[in-house]
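Here's the structure we're looking at; comments come further down.
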2 protein chains.
Amino acid sequence: MKRKPETSSTAQARAITKEDVARAAGVSHITVSRVINTPEKVSPETRTKVESFIASMGYIPNLLAGGLASRRTRIVAAIVPTISHSIFAETVRGLSEELSRHGYQLLLGQTGYSEDAETALVEAFIGRRVDGLVLTGVQHTARTRQRLKAAGIPVVETWDLTKRPIDMLAGFDNHDAGRAMGDYLYGKGYRRMAFVGGEDPRGMARFAGMREALLAHGAAEPVHLKVPMGSFLHAGRESVARLLDHHAEVDAAFFSNDVIAAGAAMECARRGVAVPGRIALAGFANLEIAPEVLPALTTVQISAHQIGLTAADMLLARFSGRAVEQPVCDLGYSILEREST
Amino acid sequence: MKRKPETSSTAQARAITKEDVARAAGVSHITVSRVINTPEKVSPETRTKVESFIASMGYIPNLLAGGLASRRTRIVAAIVPTISHSIFAETVRGLSEELSRHGYQLLLGQTGYSEDAETALVEAFIGRRVDGLVLTGVQHTARTRQRLKAAGIPVVETWDLTKRPIDMLAGFDNHDAGRAMGDYLYGKGYRRMAFVGGEDPRGMARFAGMREALLAHGAAEPVHLKVPMGSFLHAGRESVARLLDHHAEVDAAFFSNDVIAAGAAMECARRGVAVPGRIALAGFANLEIAPEVLPALTTVQISAHQIGLTAADMLLARFSGRAVEQPVCDLGYSILEREST
DNA sequence: TTGAAAGCGCTAACAG
DNA sequence: CTGTTAGCGCTTTCAA
């Protein structure tokens, strides 16, 4: 039990351990452990004494060691395409708040919309022995699915629906949501539609749904404009410019998210193009910017925050051994009409 | 060395260990360890053989155990006020990208601008034995500073400057930046200024700098409007409305960040108020929205992304035992003139 | 180039 | 209510 001399290049001062506190307080280290984890199982005097030593010595338990011994890290990992854009921020916020309320911490990973990056992150997080994992979308590499199955940790897929979830699911039907917007725009009298979005699976599903609705109504094949990663606002401005200049027949555009749509609205304002007079604009997700931009955006309201909350609650139920009453949860969507259509 | 029967309520399948791989490959577990960590120290045949077993068995090393034994987790924690807003997103992105390039992962914490929350996060992260820590701002509780000193881990403070950093620093002078904007606006002929921002220390410093500049020029005391947390766009709209309605003399407003300023621009557009004719608007940070909104925002350009990159490089240098050539790094700022002033 | 022994700091299970 | 014993899975000497 002798301490070796300090040699590590990180030069981290030898941290105080439970042993040190126990010695100082004249108890065994397991008692210190109990004071921290199950204080009700320790006599009040002992507890008070130990607690005062913990405080005065500035003892911080090594969660690495604790996690190794107990096989629970109290860490949940979330993997999102990106946090730079606000689309997933609400979900992450809901997740993070609910988890931290229950003593869990959130480890965040970004894929940049790459499935291989997701696989790498999943492996890294399994290596960290996270207690649970939240994934964005339902499309994953075979390797990801297999790793997750093998690890046997609770998983929640989000932001979409599927017949064959890996484990649990909290999302909504992107295809249906797209169709609903198609129906809505057609119902408002628009006939030549465009869809502007990235090539992520959920955006594609929304496009497919919208297209289906339009064709069912006998409307023309919608124009499909792809936007690059990067600045959504800028992409929105560029794409609406393209629409205005090269697809003059288009009278309504549905954007993959509100930020792109807001960019489009800004470009229209710049050009003095009337919205919705010359072209109607609809967004997706009801982000912060949707009601603020001029004109306020019609959008598809989804519960991004609720997705995070639900995912957290599902995991928390699993952790505590409770049965998850609804392991597959469709949170729905609704059309929110504002000024832009 | 006998396995206990599976009882854990997490029901995590017994994970494959180095032992299992070693046994299968007919080597000792330490050889497996070498194949993973220092492959050049293993003979090519052994390496190939072990690697194939690692792959086929789907072995994922337990980083908890590794971290415990090696005293390095390859995790860096970053603490920001919030990730929901885009202000710190660029910094986090720079940090995350640079770190992951070098095999480190990022653990993210949000304080909601509360110093006590920061302290709690610092303690939690120290408990996780992160290799390094990135903090936002230079104002921290005594307890935070003391914990950090005691833990002896590398720390980078960001987004501000101070004479007495905890350890390393990558930021810019908020007071000076505010003064520069004050000078600029005064130089453009504006005389009745307002500052709109939150009550975070950096925003306050910018206000103080601006005020100092104005008073030095003999201009009037600036109006100071506080915005609540929450929606910045909305706060911007509300505050400019207040300015327009109750401080009609104000001819220029400086906002704590571009998102608030953009909200203000949107409200002006809604009201048909001329910018900068009736009121000039200036933002801060040169966020994505600044050049896109109508009118494009004059702002203070700072290198949010560079802050993250620099912080990462400082930590990386420390980790590898290299000396950090510039432990205190002033990244500067500059006025970026656009249409809104 | 490979292996054996000895922990890292903690918790689980059992005993007292 | 408190302590003892035995690992958790890995890396670090040190030895072969």
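Labels below follow one simple rule: chain letters A, B, ... track the order of the sequence lines, proteins then strands, and each chain is numbered from 1.
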**Asked** Any idea which of C:dT11, D:dC8, D:dT11 is nearest the A:His29 side chain?
**Response** C:dT11
**Prompt:** Side-chain N or O of B:Arg71 less than 4.0 angstrom from OP1 or OP2 on D:dC10?
**Reply:** no
**Request:** Starting from the 5' end of DNA chain D, give me the residue, A:Ile30 or A:Glu40, whose nearest nucleotide shows up first.
**Result:** A:Glu40
**Message:** Students often get this wrong, so: under 4.0 angstrom with heavy atoms, is A:Lys41 touching a base, only sugar-phosphate, or nothing?
**Reply:** base
**Prompt:** When the distance from CG of A:Asn62 to C1' of D:dC10 is rounded to whole Å, what number comes out?
**Reply:** 13 Å
**Fill in**
From the candidates D:dT2, C:dT2, D:dG9, the one with an atom nearest any side-chain atom of A:Ser43 is D:dT2
**Message:** Under 4.0 Å from OP1 or OP2 of D:dC10: is there any side-chain N or O of B:Tyr59 that close?
**Reply:** yes
**Prompt:** Which residue, A:Glu118, A:Glu115, A:Arg145, forms the side chain to side chain donor-acceptor pair (under 3.5 Å) with A:His140?
**Reply:** A:Glu118
**Request:** For D:dT2, take OP1 and OP2 only and decide whether either is under 4.0 Å from a side-chain N or O of A:Thr46.
**Result:** yes
**Gap separating the CZ atom of B:Arg74 from the OG atom of B:Ser100, nearest 0.5 angstrom** = 12.5 Å
**Item:** Atom-pair distance (NZ on B:Lys49; C1' on C:dT2), nearest Å
**Value:** 12 Å
**Item:** Polar side-chain contact A:Arg129-D:dG9 base: donor and acceptor under 3.5 Å
**Value:** no
**Request:** In whole angstrom, give the distance that lies between atom CG of B:Leu63 and atom P of C:dG9.
**Result:** 18 Å
**Asked** Looking at A:Thr31, does any N or O in its side chain come under 4.0 Å of the phosphate oxygens OP1/OP2 on D:dG3?
**Response** yes
**Request:** Take atom CD1 of A:Ile54 and atom C1' of C:dC10, then tell me their distance rounded to the nearest Å.
**Result:** 14 Å
**Whichever of A:Arg34 and B:Ser33 has its nearest DNA chain D nucleotide further upstream toward 5'** = A:Arg34
**Request:** Determine: side-chain N/O of A:Ser70 to OP1/OP2 of C:dT11, distance under 4.0 Å, yes or no.
**Result:** no
**Ring centroid separation A:Phe319 to A:Tyr104 under 6.0 Å** = yes
**Message:** Without decimals, in angstroms, what is the distance between B:Ile126 CD1 and C:dG9 C1'?
**Reply:** 17 Å
**Request:** Map B:Arg47 and B:Ala69 onto DNA chain C by nearest heavy atom, then report which one ends up closer to the 5' terminus.
**Result:** B:Arg47
**Prompt:** Starting at CG of B:Asn37 and ending at C1' of D:dT12, how long is that distance when rounded to a whole Å?
**Reply:** 12 Å
**Asked** Quick one: on DNA chain C, does B:Ala65 or B:Val27 contact a more 5' nucleotide (nearest heavy atom)?
**Response** B:Val27
**Asked** Backbone N or O of A:Ala117 within a donor-acceptor pair of the A:Ser114 side chain at under 3.5 Å?
**Response** yes
**Side-chain heavy-atom pair B:Phe125, B:Ile153 within 4.5 angstrom cut-off** = no
**Prompt:** Over how many whole Å does the gap from B:Lys18 atom NZ to D:dT12 atom P extend?
**Reply:** 11 Å
**Message:** What is the separation between atom CD1 on A:Ile60 and atom P on C:dC10, rounded to the nearest whole Å?
**Reply:** 11 Å
**Complete:** Considering only heavy side-chain atoms of A:Leu68, the closest of D:dC8, C:dC10, D:dT2 is D:dC8
**Sub-4.5 Å side-chain heavy-atom contact between B:Thr310 and B:Ile307** = no
